[in-house]
Amino acid sequence: MKTTISIGLALSVVGATVLAQTVPNTVDAHVAAAKAAAGSEHTNTFNSLCMATEERASSNPAPRANATPPPPPDRAKWHVEPMKVFDNLYYLGQSEYSAWAVTTSAGIIVIDTLFDYSVEDEIVNGLTKLGLDPKNIKYVIVSHAHSDHEGGARLLQDRFGAHVLMSQADWDLTARITQSWPKPRKDMVVTDGQKLTLGDTTLTMYLTPGHTPGTISTIIPVRDNGRPHVAAEWGGTGFNFTVSPDKPRRYWYETYAASADHFRDAVKKAGADVLIANHPEQDGAKAKLAALATRKEGAPNPYVIGNDSVVRYVTMVGECARASLLRFSAATK
Ligand SMILES: [Zn+2]
């Protein structure tokens, strides 16, 4: 057993070294590497992340202190019905934001909580519609402290006594946010590689800073008609960084790229063959959920894409960060 593990580690180190050596450090080379890694499956994320102009990538409107919150958008524009995706994994998202429920022998783990205006409709009522009891939510993993993923956490904490998990860096970020949505009370702090076991199920969380200072990416064991698979979620994708004098934009691109390398190794090691995301455009949720709705018995699950494809997805986001760093450096010389 020990031998197998050390061989696996050695191989992934060699793989990373080879990749780093074979991609010349130019914008074009990193974009080409990202495009190759994206293949035909991951073109949406490639286009939004790698082809963005620097102005788009750097648009980061600072939240206005004590601003009056805008009224919630019209429900007809965002509501989506919940759906079972694996035996133990459920989609609870809205049209442009995803949340997930992992069911275990001892309760439910929710990953991401949408906005304060949609948590009740999509997560609480969504679970009920699926025949699951929201009172059984034991843990809530918030991938990162932005209102589209953290906004519903307080309700789940208050109403069901669920434990909220975030990294220390994103708890700190939460404390600094001045927008008026309800923040969760500080609860459990996630460290890199930490496991969360509930009943028969163990998730592994990795700290992948970049999108936010403490973004969490997660590995989740799932089953499809009893057959085991492993899902991976890259916890934060866009380059809409919060920059500061001590942590300028360059720092965040570099941090993001290093985190992608880190999670890519975890995805390889875990043999993750399913990609899920917290925005539907990133994992192709709209097409996949539609395909699941009409899936014939014995037909493949559209979410199972193979380990090579999941590894390429994470490789792509890292290469896009490297390309964007060089673009940014050239533009600000
Ligand atoms: Zn975000």
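As the structure lists them, so they are numbered: ligands from 1, and atoms in each ligand from 1.
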Inset, instruction - Name the orientation class of the two ring planes belonging to Tyr256 and Trp234 (parallel below 30°, tilted from 30 to 60°, perpendicular beyond 60°). - result: perpendicular
Inset, instruction - Pull up every protein N/O/S atom sitting under 2.8 Å from the Zn ion (ligand 1), skipping waters. - result: His144 NE2, His146 ND1, His211 NE2
Inset, instruction - Not counting sequence neighbours, list each pair that qualifies as a ring-ring contact (aromatic ring centres under 6.0 Å, His included) and has a residue in residues 170-199. - result: none
Inset, instruction - Answer yes or no: is there an ion pair linking Asp308 with Arg312, defined by an N-O contact shorter than 4.0 Å? - result: yes
Legend entry - Sub-6.0 Å ring centroid separation between Tyr91 and Trp100: yes
Inset, instruction - Please collect all ring-ring contact (aromatic ring centres under 6.0 Å, His included) contacts where either partner lies in residues 126-151, sequence neighbours excluded, each pair once. - result: Tyr139-His163, His144-His146, His144-His149, His144-His211, His146-His211, His149-His279
Legend entry - For Tyr313, all residues meeting ring-ring contact (aromatic ring centres under 6.0 Å, His included), sequence neighbours excluded: His42
